[in-house]
Amino acid sequence: MEKITAVILAAGKGTRMMSDKTKVLHEVSGKPMISHVIDACLEAGVRDIVIIAGANFQELKKFAGKAYPGMDIKFAIQKKQLGTAHAVSAALNSKIHFNKAVLILSGDVPMITPETIKAMIREFTKSSPGGIICTSTVAEPFGYGRIVKNGKGHIIRIVEEKDATAAEKGIREINSGIYIFEAKNLKKHIKSVGLNPVKKEYYLTDIAGIMAENDVIIRPLTVDYAETAGINDRVQLMEANKLKNKKTLEKLAKNGITIADFDTVIIDGNVSIGRDTVINPFTVIHGKTRIGRGCVIGPFAHIRAETVIGDFCKIGNYVEIKKSVIGSHTNVAHLSYIGDAGIGNNVNIGAGTITCNYDGVNKNRTIIGNNVFVGSDTKFVAPVKIGDDTVIAAGSVITEDVPAGALGIARARQVNKEKWKQNRRKK
Ligand code: UD1
Ligand code: MG
């Protein structure tokens, strides 16, 4: 297999997003779009990665440091955003070492799979053309570059929407913006790309025509549009999220998880769930959350990042859980907020229980042992520790630790004033 350098285009302004945040950091399925692209490269075995950044360099550098610590992701800077060819040139002209083949991806095409990258590399290695371009045939090609081929099926030109004639606009095979080129061919021919008079940009897509004129063969690799959909605005972002979510839910369903309603359940791609767990409608599960087997997650449950839930738990309706570990056979069945907590096995958390984790400055932890019964409407004012085999009386505001085996009550004693109504009338 050829050694490959991946170049991810990410310097664009992303004007159509109407956002203060750089486009490629907008999230699909709980993960920045560019992370999907990087992860697909890594899974396909491509480890030499160059990101092309512009004014968003600091933003992207910070992201890469946090999301990929210890990984040597390189950056090339494109000072002015003068188009995709100009962007690739910025990387080629930098001091970065390039392997024999260059895989070019777009940071705004996040659905690309490692399988497709592997297929591209395989095809490139096997038939050794000058380049491979991923294409899809779609019903609505508007906005994409259109693929023009010769009788042999080789790509001889790509026409951008703005430059296309009426006949060319009718072409439904589109450029995905994902390519492999031989480094030496790319370096040579990218120099011939001229400024597009309409958009005043250097189009990478012009290289197809230039290479073809120089007898360099470029083959298409047809992939499903679900993988090549580009995100330029928030409508497309919404559609991509919907598509990705559907894929995630289908994968979970095939692994033995019941999802009651595909349209209202949202689960991030990194969530893992054990078999025979049931996820009820209007439930949202985020982050690297793990849920065991045989659990029932109720309707309107909101399970946030860094949550671990054991086996055979019941998380009921209107329950929010954040950054907490919950043991097995534990129920949080109704109307609760559990944040920054560690809860043991066989615990029953009564309706309306809340961990008061935030004191206005710091987040504090609530630790609850095994075999604990927490009465309804309890407030745990963290930091607080509840021992094993304890009972907490309903309506308690627990501000102090409760030792193992104890009953904790923290509420005003009830007073009944006999004949109160009768006496009031007499006054
Ligand atoms: C591009 C392709 C189009 C293809 C589509 C697929 C060109 C000229 N057109 O169009 O054929 O169908 O992608 O989604 O390449 N970028 C830079 N520097 C720049 C300009 C862009 O790094 O100067 C980056 C952007 O951040 C983005 C990617 O390149 O990640 C693509 O740019 P974008 O403006 O989205 O191109 P499209 O109009 O989508
Ligand atoms: Mg785009």
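When a ligand or atom number is given, it counts from 1 through the structure's own listing order.
Between Phe75 and Phe57, the angle of the ring planes goes over 60°, which puts this pair in the perpendicular group of the 30/60° scheme. Relative ring orientation between Tyr68 and Phe63 is described as perpendicular, the plane-to-plane angle rising above 60° on a 0-90° scale split at 30° and 60°.
At a cut-off of 3.5 Å, with distance as the only test, a side-chain donor of Asn232 or Lys23 sits close to an acceptor on the other residue. Side chains of Asp48 and Asn99: a donor on one and an acceptor on the other come within 3.5 Å. At a cut-off of 3.5 Å, with distance as the only test, a side-chain donor of Thr22 or Asn56 sits close to an acceptor on the other residue.
Closest to the Mg ion (ligand 2) among the N, O or S atoms of Asp108 is OD2.
Near ligand 1, Leu9, Ala10, Ala11, Gly12, Arg16, Lys23, Gln78, Gln81, Leu82, Gly83, Thr84, Ala87, Ser106, Gly107, Asp108, Val109, Tyr144, Gly145, Glu160, Asn175, Ser176, Tyr203, Thr205, Asn232 each place a heavy atom less than 4.0 angstrom from the ligand.
Coordination check, Ser106 versus the Mg ion (ligand 2): failed, since every N/O/S atom of the residue sits at 2.8 Å or beyond.
Looking at Lys199 and Glu160, no side-chain N of the basic residue comes within less than 4.0 Å of a carboxylate O on the acidic one, giving no salt bridge.
Of all heavy-atom pairs spanning Ser336 and Gly352, the tightest one is OG-N, 3.8 Å.
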